[in-house]
Each structure stands twice: as structure tokens, then as C-alpha cells.
Protein chains: 2
Amino acid sequence: MSGPARRVTIRDVAAHAGVSVATVSRALAGDYPVHPSTRRKVLRAVRELDYVPNAQARALSVASPGAVAIVIHSVDSPYYALIAQGVEEQAAAEGRLSLICTTGSDPERELAFVQTMREQRAEAVILVGGVVLDDDYRERMSRYAHGLAASGSRLVLCGRPPLGDGVPAFTVDFDNTGGARAITAHLLSAGHRRILYLGIRPGNSTSNTRVAGYRAALADHGVTAAPALEMCCHFDRRSGYVTMKRRLTEGPRDFTAVFAATDLIAAGAVKALREHGLRVPDDVSIVGYDDVPPAEDIGLTTVHLPHTELGRAAVRLALSGKDPLAEPPITLGTHTVVRCSVKPLGSGR
Amino acid sequence: MSGPARRVTIRDVAAHAGVSVATVSRALAGDYPVHPSTRRKVLRAVRELDYVPNAQARALSVASPGAVAIVIHSVDSPYYALIAQGVEEQAAAEGRLSLICTTGSDPERELAFVQTMREQRAEAVILVGGVVLDDDYRERMSRYAHGLAASGSRLVLCGRPPLGDGVPAFTVDFDNTGGARAITAHLLSAGHRRILYLGIRPGNSTSNTRVAGYRAALADHGVTAAPALEMCCHFDRRSGYVTMKRRLTEGPRDFTAVFAATDLIAAGAVKALREHGLRVPDDVSIVGYDDVPPAEDIGLTTVHLPHTELGRAAVRLALSGKDPLAEPPITLGTHTVVRCSVKPLGSGR
DNA sequence: GGTGGCGTAGTAACCGGTTACTCGACGAGT
DNA sequence: ACTCGTCGAGTAACCGGTTACTACGCCACC
């Protein structure tokens with residue numbers, strides 16, 4: 001064929017049109033007076049050679065909008081996918097490209113990606129998802145924040161706690177404690193007192209805020225929290241299934257309702273309950289958290305989270321030009337969505 | 001604070017270390033002999049100034065790997081999300097950044113993004129998702145393909161039919177007709193003869209291949225296809241729900257099984273069936289297509305598609321260095337996953 | 001002692017664009 | 001006829017890196 005044809009540059013266009021490169025540049029930019037006949041010649045050459053300007057080269061001389069980067073654990077989870085969707089939409093609306101990186105929860109990959117984003121001169125970097133809250137984390141994030149700020153990029157933390165004063169990062173999060181408290185109250189109002197909590201993840205910030213709401217609601221109703229009712233569980237279907245399965249085979253069935261820390265855990269748990277001949281909600285009530293699309297399939301009562309709005313808010317904030325040091329954390333409200341997975345305790349079938 | 005500090009360049013580092021820019025560049029690249037003491041000075045300056053090289057500038061002089069771009073209709077759909085996951089993984093494994101664009105099925109946005117990718121010098125552009133197969137489409141894709149090829153980028157079409165000889169594009173797709181044929185045969189073997197097909201989308205390539213498998217299986221078993229049993233429906237939950245609802249209220253209930261063109265349609269349809277007091281699979285059998293995670297929640301018998309493998313294969317192919325003109329389309333096999341949404345016809349409860 | 005080779009570091013051209021500055025041509029004003 | 005202003009186009013510097021080429025100092029060797 002025509003071989004690995006060298007890319008066509010502005011010089012080729014200039015030669016083809018019989019003008020200087022400056023004229024080509026100006027004819028295309030359109031902000032400088034170029035004689036109509038010259039412009040036509042240039043445009044014809046552009047068309048004939050199928051010239052496409054090199055965005056990287058342009059970015060060197062002119063300050064062009066950088067990309068918006070989003071870092072998530074995995075796109076294969078409706079929670080992250082919905083947030084990413086919001087980020088993508090808002091970024092596109094503001095004329096930015098969106099870069100995506102999945103880390104598989106590996107801090108190494110997160111670090112590498114943040115570095116790459118500095119090299120790429122990204123305009124905003126959005127880190128999404130719960131984390132283990134230790135000093136190492138805090139230190140790492142502070143380094144990111146200062147580094148990105150020095151490179152002119154904005155850092156936004158979503159679903160992670162703020163880093164405190166003096167660290168240049170925006171924070172946007174859901175009101176997890178409020179949501180968990182409300183839906184636990186919903187179960188309590190239905191008469192449930194022994195509520196199994198599925199989804200303890202030691203140190204994990206998201207887990208912590210949700211379990212805090214659960215405990216607060218119990219306290220509100222004068223119910224003493226039972227550590228035996230709080231079970232460790234990852235935030236996915238399989239863990240929900242496995243954990244509930246084990247509980248049903250090994251532990252006492254001393255609960256009348258289940259609060260799953262995520263809808264996916266709930267989906268897995270429902271499957272395990274059914275396999276044990278237990279009906280939802282007749283034998284066991286269950287609620288979830290997130291209100292991702294699968295919740296509808298199983299008729300799950302859950303807490304609705306404005307996922308895409310979180311993504312959009314993160315982008316808006318990052319591109320707002322506001323000072324990250326002065327901006328308080330944003331908390332997005334949640335609300336309970338009642339479907340048909342909860343039944344008042346003691347009411348006959 | 002320190003104000004909008006101008007970005008630190010290699011010149012700043014050179015000045016700080018008291019050497020020339022060439023030396024800094026070489027000390028960092030490491031491929032050219034630099035005196036150890038000089039290198040130390042340079043590295044110290046880099047650390048003190050927190051210098052990060054500009055990837056865009058480097059890309060100008062040295063041929064660096066370009067990004068991998070994926071274009072999907074929406075990330076808020078497990079089908080696309082899983083494919084995107086595969087793309088992301090493989091791109092990361094091969095040291096590429098992945099850019100993502102959602103079009104909301106708007107050809108305008110698709111076009112604009114392809115143009116942007118040419119400007120960005122992306123190494124591969126992966127277009128995913130069914131399309132309306134008219135001459136306009138064919139013409140548009142050919143333009144993309146030639147344009148991208150001229151810019152040194154590879155085009156991969158996923159879930160879209162090949163463009164034919166002479167058009168420089170790779171093609172990777174699922175064996176939809178085979179999968180649809182197999183699962184329809186599964187229903188037929190269970191004794192079902194009147195199978196409602198939910199998911200006709202006139203002109204849409206994905207829809208066409210799936211319905212072709214459905215019809216082929218009917219023909220295999222000597223069952224005449226009934227146009228009244230083939231219903232139009234978009235590929236999402238809501239359409240599945242609405243369409244099934246309407247069928248149940250308006251049309252005759254002259255079917256014993258349902259073949260939903262996607263699992264999400266199936267999820268919506270199941271909800272509508274339940275609301276009409278019909279039990280799955282006792283009163284009506286149903287199968288889906290895709291095997292996305294929600295299928296497990298509703299115990300749906302469906303066709304498994306290797307989504308992430310599709311994404312990975314697309315990236316591998318694009319970066320393989322093979323000639324797109326010589327490469328035949330790749331078809332990935334599928335298999336039926338039996339869960340509990342199908343019951344043999346006539347067997348009592 | 002002159003010469004050649006090696007190890008380092010600097011100079012400057014280049015990547016592909018943008019744009020400040022310069023310059024020639026042409027028409028208007030006096 | 002001469003000057004001045006304006007229009008349109010070219011020249012060259014610059015963005016931030018990389019790297020071919022050049023230059024310098026030092027040692028070994030004849």
C-alpha cells in the first residue's frame with residue numbers, strides 16, 4: 001500500500017497551498033484577517049491532504065484545556081460506573097476529554113496514574129472510592145494534592161474523607177451516615193430489633209460512615225448494638241452470598257432483618273436466603289444501600305445515592321476556579337427508596 | 001499563598017543544578033553516560049523543585065505510545081461497562097492510557113470524538129455497540145477508517161459488522177446469531193413453541209443478528225415464525241418493562257416463553273410479568289442474552305458473552321502491528337448459562 | 001611531546017504548531 | 001508626487017522537551 005505515510009503537518013499544507021505556515025495557522029484559527037481567496041486555497045489544501053492539527057503540539061504553545069481524569073477501583077460495578085458516567089457527561093459538557101483509570105484497589109497503580117496525570121497536564125484528577133484510613137494514606141494523598149497543585153491540576157476526593165486544612169483538594173461525598181441512619185430507622189419502625197449488618201470492612205472509610213449511621217439509629221431507638229450482628233463482608237455480590245450462606249449454616253438465626261452495606265451485598269444475600277428456603281420479605285426483611293439498577297430487579301428497599309450528580313459536582317468544582325483550600329467539603333443528600341423487601345415484624349402473612 | 005506558580009520546566013532544573021538542559025534530560029533518561037556526581041546534583045534539583053516532565057512536549061520529539069480510546073453509548077450499562085473494563089485492563093497492561101467517551105448514541109458526538117482522537121494522535125480507537133446499518137453509516141465509518149489510518153491510528157469495530165475489503169479497520173464481535181440460536185433451541189427442547197421475542201430494533205445490527213439466530217432455531221425445529229410474536233423494544237430495563245406490560249394488557253397471552261434480546265430487557269419483563277400475577281418459570285419461561293451480573297439476581301437462563309475478553313482482544317489486535325486490511329474479523333464464541341427461568345412445557349408444578 | 005581515544009558536558013537543531021513583529025503593496029489624503 | 005494608514009502575508013522566536021554534533025580535558029601510547 002502507500003506505506004507508513006508520514007503524518008501530514010502544517011508545513012505540508014503550506015507547501016501545497018503555496019503560502020507560509022503562519023498563514024495556514026491563521027486561516028484555520030480564523031481570528032486574524034486572511035484574504036478570502038488565500039483562505040480558500042488553504043482550506044482546499046487541508047481537505048486534499050486530510051490534514052488534522054496535532055493537539056499535543058498546539059498545547060505546547062497555547063494554554064488549552066486539559067483532560068479530566070477519573071480513578072476508580074473498577075468500572076465493572078454500577079456504583080463506580082454511574083459516578084464515572086456523571087464525570088464523563090460534565091467533562092464533555094465543559095469541553096474536556098475524560099481519561100479513566102481502574103486500579104483494582106492497588107495503591108501502586110493509583111500512584112503511578114497520578115504521576116502520569118501530572119505529566120499529561122490533566123486539569124482535574126478525581127479519586128473515587130473508599131479507602132483504608134491510616135497515616136500512610138493521609139500522607140500519600142497530601143503528596144498527591146501538593147504535587148498536583150504545583151502542576152496546576154485540581155484534585156477531587158469522592159467518597160473519601162477530607163484531608164483537612166492546608167491540603168489543596170476538594171471533597172465531595174454522600175451523606176452516608178445520614179442515609180444509613182434513615183434506613184435503619186425504617187427497619188426499626190417496622191418493629192425489627194435484631195438487624196444483621198453485612199459489610200464491616202475494618203478501616204474502610206465508606207464502611208465506617210455507613211455502620212456509624214446504623215449504630216446511631218439503634219441508639220436513637222434505645223436498642224443496644226450487638227457486635228455479633230455486625231459481619232465483615234466485601235462490597236460485592238459474591239461476598240454477600242458467601243457471608244450470608246456461612247451465617248445461615250454456622251451462626252444462630254437470631255435476626256429478623258438484614259442491612260446490607262451495598263445493594264450488591266444484598267443481592268448476594270437474597271440469593272443465599274432463598275437457597276435456605278427463607279422468603280424475602282416474609283421470613284426475613286432486607287435493605288440495601290446505593291440504589292443501583294439491580295436493586296430494582298430484586299425489589300430492594302434501599303438508600304438512593306445521586307451517583308451521576310456526584311460525578312458532575314466533582315467536575316464542576318474542579319473546573320470552577322475556586323480555591324480548594326477555601327472550599328468546604330460538599331455533602332450530597334440521600335433518600336430512602338421503599339420497594340418490597342421489608343415487612344413489619346409480627347404481621348401475619 | 002505562592003500564587004499561580006509557573007510550572008517548573010527542565011530549564012529551571014538545569015539552572016538550579018548548574019548544568020545544561022541537555023544534561024538534565026540525559027540524567028533523567030539514563031541512556032547516556034552522565035557523571036555520577038552530576039546525576040546526583042540533577043536528581044536533587046528535580047526533587048527540590050518537584051519537577052515533572054511534560055509528556056506532551058516529549059511526545060513531540062520522541063514517538064511515544066499513544067492512548068487507547070473507547071467509544072460507547074453509555075457507561076451506565078453493564079454490557080458496555082464490562083467491555084470497557086477489558087479495554088482498560090489490556091491498555092494498562094500494554095502501558096497505554098485509556099480515554100473514554102460516551103455518545104448517548106449520537107453520531108455527531110461520535111464523529112467529533114473520532115476527530116479529537118486524530119488530533120490527540122491516539123494509537124487506537126475502539127467503537128463499541130450496535131448501529132443502524134445504512135449507507136450513511138457505512139460511508140461515515142469508511143471516512144473514519146481512512147482518516148485514522150492516515151493519522152497512524154487503528155480503528156476497531158466491536159459489535160458492529162465489518163466494513164468490507166479495502167477499509168482499514170479491525171472487527172471483533174460476539175457470535176450473536178449462534179448464541180441466539182442455541183438458547184432458542186434450549187426453549188424449543190423444553191417444549192415451547194410460541195416464544196415471544198422482545199427486542200426488535202429495525203436496522204440495528206446487534207438486534208438483527210440476534211433475531212436471526214432466533215428465527216434460524218425456529219426453522220431448525222420446523223416452527224413457523226409468527227411476526228406477531230416479535231416485538232420492538234429498546235435494550236434497557238424500562239423498555240422491557242413497558243413493552244411486556246403493554247403486551248399483557250393489550251395483546252393475547254398466546255406465548256409460553258419469552259426470549260429477551262438482552263438481560264436488562266428480561267429484568268424489566270420479569271417485573272411486568274410478576275405484576276400481572278404470572279410466575280417465572282411456572283407460568284412463563286424466559287431467557288435473556290448477555291449474562292451481565294444482574295442476570296444472576298433474577299436466576300435468568302441466558303447466553304454468556306465474554307465481554308472483557310472482547311475489550312482485551314480489541315486492544316491486543318489494535319496494538320499488534322498487524323495490517324487491518326489483511327486481518328479477518330474475529331468472532332468470539334458464546335455459551336448458554338442455565339439458571340432457573342425456564343421450565344419444560346406441560347410439566348406440572 | 002605530539003597524537004589519538006575516551007568520558008562528559010554544552011550547543012543548537014528539531015518536533016509541530018502559534019503569534020509578535022516586520023515588511024511590502026496599495027489606496028487615500030494633501 | 002509624497003506620506004501615511006491599512007491590509008495581508010512572511011520571518012522568526014517560542015512552547016518544553018530530545019538528541020546529533022561539537023568541544024573540552026585528561027590519560028595512554030608511540
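Naming convention: chains lettered A, B, ... in sequence-line order (proteins, then strands); numbering from 1 in each chain.
In this structure, B:Lys322 and B:Phe170 approach most closely via the heavy-atom pair O-CZ, 3.5 Å. Closest approach of B:Gln120 and A:Gln56 over heavy atoms only: O-NE2, 3.2 Å.
The distance between atom NE2 of B:His35 and atom C1' of C:dG7, rounded to the nearest whole Å, is 10 Å. The separation between B:Arg58 atom CZ and D:dG17 atom C1' is 8 Å, rounded to whole Å.
Distance from the side chain of B:Arg26 is smallest for C:dG10 among the nucleotides C:dG10, C:dT18, D:dG17.
Note on B:Thr23: a side-chain N or O is less than 4.0 Å away from OP1 or OP2 of C:dG10. The shortest distance between the side-chain N/O atoms of B:Ser20 and the OP1/OP2 oxygens of C:dT11 is not below 4.0 Å. Contact check, B:Ser61 against C:dC15: no side-chain N or O comes under 4.0 Å of OP1 or OP2.
A donor and an acceptor atom sit less than 3.5 Å apart, one in the side chain of B:Arg11 and one in the base of D:dG16. For D:dG8, its base never sits under 3.5 Å from the side chain of A:Arg39 at any donor and acceptor pair.
Mapped onto DNA chain C by nearest heavy atom, B:Arg121 and B:Ser37 fall at different nucleotides, with B:Ser37 at the one closer to the 5' end. Mapping B:Asp31 and A:Pro36 onto DNA chain D by nearest heavy atom places A:Pro36 closer to the 5' end of the strand. Of the residues near DNA chain C, A:Tyr32 and A:Ile10, the one whose nearest nucleotide (by heavy atom distance) lies more toward the 5' end is A:Ile10.
A heavy-atom distance below 4.5 Å is found between the side chains of A:Leu157 and A:Met141.
Rounded to the nearest 0.5 angstrom, B:Leu332 CG and B:Asp173 CG are separated by 8.0 Å.
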